[in-house]
Amino acid sequence: MALEMKVPSPGESITEVEIAQWLVETGDYVEKDQAIAEVDSDKATLELPAEASGIITLMAEEGDAVAVGQVVCLIDTDAAKPEGEDAKQAPVEEASKAAEKKEETPVAVSPAKTETYATGTASPAAKKVLAEKGIDASQVQGTGRDGRITKADALDAKPSLGTPGPGSRGESRKKLSMLRRKVAERLVSVKNETAMLTTFNEVDMQPIFNLRSQYKETFKNKHGVSLGFMSFFTLACVRALKLFPAVNSMIDGDFMVSYDFQDISIAVSGPKGLMVPVIRNAENLSFRGVESEVKRLAIRAREGQITVDEMTGGTFTITNGGVFGSMLSTPIINPPQSAILGMHNIVERPIVRDGQIVVAPIMYVALSYDHRIIDGKESVGFLVAVKEALENPEELLMENNVAKALEL
């Protein structure tokens, strides 16, 4: 019997997906629940498992956009498993490399050829110098006998502007995934459809450095997760969102929708690009709870296991460009949210503290916001509230009881 495998719905409002890559080939024997393909939606990349065991026949090509419910392959469930042969399960990495190799079309490049000057020849020493400089001998006027190009001529020669050198000038073309195309579309729409502004501030990270230095080992031994910066920033944002609820709101047509909970989206890097999983009800989490959830979601994103539901519905986003070395940036709002906080790298800088110039670990922070719904007073006030909490975490985030806050 031939089983028709149809594209399942990966989530609400998604009507089509794209076949990113097949992990098997027509004629392969597959086992039930074996991953046979990776499909891209406009929100995530998901694996497609075989619904039964048997010989598979592919009905769609890589790169095809297929509707939810469309048949993409047939599985002959009556076919016997070949003797002495295991089901073919190509590793994802090998399949990915094959797909990239298939999609990339290198353009042939002809290496630059060295030609002798029309009225003379280059001496052996001059030829060597010209080759090292990537200059064609035909571009050099020789001053030697009968126009011979001397070593001095070669040393003085300069390449003609706009003339290709002898290096590679190839290029390749690779189709963007549906996820990347959707991200690009959303980012452009944010720039075009919102009144986005960015406000900046700086944070003295010394108090957090001191707390982490004193408690990080005990915290990790007790809870199995590290005491990182993300828990401090998440809880500081939760506090600030309560003080400035407009930042925790969205525009829906002519209405402003505000929330009495804080679902914090955390931007993490995944194999298919940037993923933004959501920490639900962050207002109810402790430092341990935030760190555990961040670790769980980051692992799922890196392993390609993150689901659409886990990336849907955040009310505010935190992104950390500092892990890549960014000093300062203007993060783009994650729609339909109205604001996003950008963290950056921490650099020792001179500052004034208690009337004295001291060197301190400083981070620049940025808040991009939709000015249609958030006024300057609220945006600046929000960022100042975040700064205050990070510079005085024991009082404002831990209620002056560090051991209790860290559950030690």
Does [X] use its side chain to pair, donor to acceptor, with the backbone of [Y] at less than 3.5 Å?
X      : Y      : result
Asp28  : Val30  : no
Glu4   : Leu74  : no
Asn201 : Tyr364 : no
Thr77  : Gly54  : no
Trp22  : Glu38  : no
Lys133 : Ala157 : yes

Taking only residues two or more places apart in sequence, or in another chain, which ones meet [X] in a side chain to side chain donor-acceptor pair (under 3.5 Å)?
X      : answer
Glu202 : none
Ser265 : Gln337
Arg239 : none
Thr330 : none

* Within residues 244-264 or reaching into it, pairs that qualify as salt bridge (Lys or Arg N to Asp or Glu O under 4.0 Å) - sequence neighbours excluded ->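 Those involving residues 244-264 are Asp263-Arg280.
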
* Asked: Is the number of heavy atoms from other residues, nucleotides or ligands under 6.0 Å of Lys387 NZ greater than 12?
  ->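 Yes.
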
* Heavy-atom count around Met398 CE within 6.0 Å, excluding the residue itself: above 12? ->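 Count over threshold, so yes.
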
Would you check if [X] and [Y] make a side-chain contact, meaning some heavy-atom pair closer than 4.5 Å?
X      : Y      : result
Val276 : Ile266 : no
Met363 : Phe233 : yes
Arg300 : Met275 : no
Glu16  : Val66  : no
Val7   : Val39  : no
Pro49  : Ile36  : no
Ile208 : Pro393 : yes
Glu310 : Arg296 : yes

* To do: For side chain to side chain contact (heavy atoms under 4.5 Å, CB included), just list the numbers for Ile346 and Ile362, CA-CA rounded to whole Å, side-chain angles, deciding distance to a tenth of an Å, and then say yes or no.
  => CA-CA 5 Å; Ile346 301 171; Ile362 299 298; over 6 Å; no

Search all heavy atoms of [X] against all heavy atoms of [Y] and return the closest pair with its distance.
X      : Y      : value
Ile56  : Cys73  : CD1-SG, 3.9 Å
Ile75  : Ala52  : CD1-O, 3.7 Å
Ala236 : Ala389 : CB-CB, 3.8 Å

Are [X] and [Y] close enough for a salt bridge, meaning some N to O gap below 4.0 Å?
X      : Y      : result
Glu193 : Arg186 : no
Asp370 : Arg372 : yes
Lys242 : Glu283 : no
Glu185 : Arg181 : no

* **Sequence neighbours excluded - side-chain hydrogen bond (donor to acceptor under 3.5 Å, both in side chains) pairs with any residue from residues 211-232** =>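 Sorted pair list: Ser231-Glu291.
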
* Please, which pairs that meet side-chain hydrogen bond (donor to acceptor under 3.5 Å, both in side chains) have at least one residue in residues 393-408, sequence neighbours excluded? ->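 Residue pairs with at least one partner in residues 393-408: Ser286-Glu407, Arg288-Glu407, Asn392-Glu395.
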
* **Partner set under salt bridge (Lys or Arg N to Asp or Glu O under 4.0 Å) for Asp153, not counting sequence neighbours** =>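 Result, salt bridge (Lys or Arg N to Asp or Glu O under 4.0 Å) vs Asp153: none returned.
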
Interatomic distance, [X] atom [atom1] to [Y] atom [atom2] [nearest 0.5 angstrom]:
X      : Y      : atom1 : atom2 : answer
Ile264 : Glu293 : CD1   : CD    : 12.5 Å
Ile251 : Ile373 : CD1   : CD1   : 4.5 Å
Thr150 : Asp156 : OG1   : CG    : 8.0 Å
Met230 : Cys237 : CE    : SG    : 9.0 Å
Leu58  : Met5   : CG    : CE    : 10.5 Å
Ser368 : Phe200 : OG    : CZ    : 7.0 Å

* Tell me, with the steps shown, if Phe287 and Phe219 meet ring-ring contact (aromatic ring centres under 6.0 Å, His included). => CA-CA 10 Å; Phe287 282 83; Phe219 186 88; 7.7 Å; no

Is the closest side-chain donor-acceptor distance between [X] and [Y] under 3.5 Å?
X      : Y      : value
Gln21  : Glu62  : no
Thr26  : Thr57  : no
Thr307 : Asp309 : no

* To do: For Phe229, check ring pair (Phe, Tyr, Trp, His ring centres under 6.0 Å) against everything at least two apart and list the hits.
  =>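 Testing Phe229 for ring pair (Phe, Tyr, Trp, His ring centres under 6.0 Å), a comparison that skips the adjacent residues, returns Phe209.
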
* Asked: Who passes ring pair (Phe, Tyr, Trp, His ring centres under 6.0 Å) against Tyr369, sequence neighbours left out?
  ->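 So Tyr369 forms a ring pair (Phe, Tyr, Trp, His ring centres under 6.0 Å) with His371.
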
Check: residues 318-329 side-chain donor-acceptor pairs under 3.5 Å, at least two apart:
{"from": "Asn320", "atom 1": "OD1", "to": "Gly322", "atom 2": "N", "distance (Å)": "3.0"}
{"from": "Ser329", "atom 1": "OG", "to": "His344", "atom 2": "NE2", "distance (Å)": "2.7"}

* Measure the acute angle between the ring planes of Phe382 and Phe316, then classify it against the limits of 30° and 60° as parallel, tilted or perpendicular. =>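 Taking Phe316 first and then Phe382, their aromatic rings sit tilted (interplane angle of 30° to 60°).
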
* **Set of residues satisfying side chain to side chain contact (heavy atoms under 4.5 Å, CB included) with respect to Val190, sequence neighbours excluded** =>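 Listed in chain order: Thr194, Met196, Ile332, Ile333, Pro335.
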
* Asked: So Ile351 and Ile357, side chain to side chain contact (heavy atoms under 4.5 Å, CB included) or not? Walk me through it.
  -> CA-CA 5 Å; Ile351 65 167; Ile357 297 177; over 6 Å; no

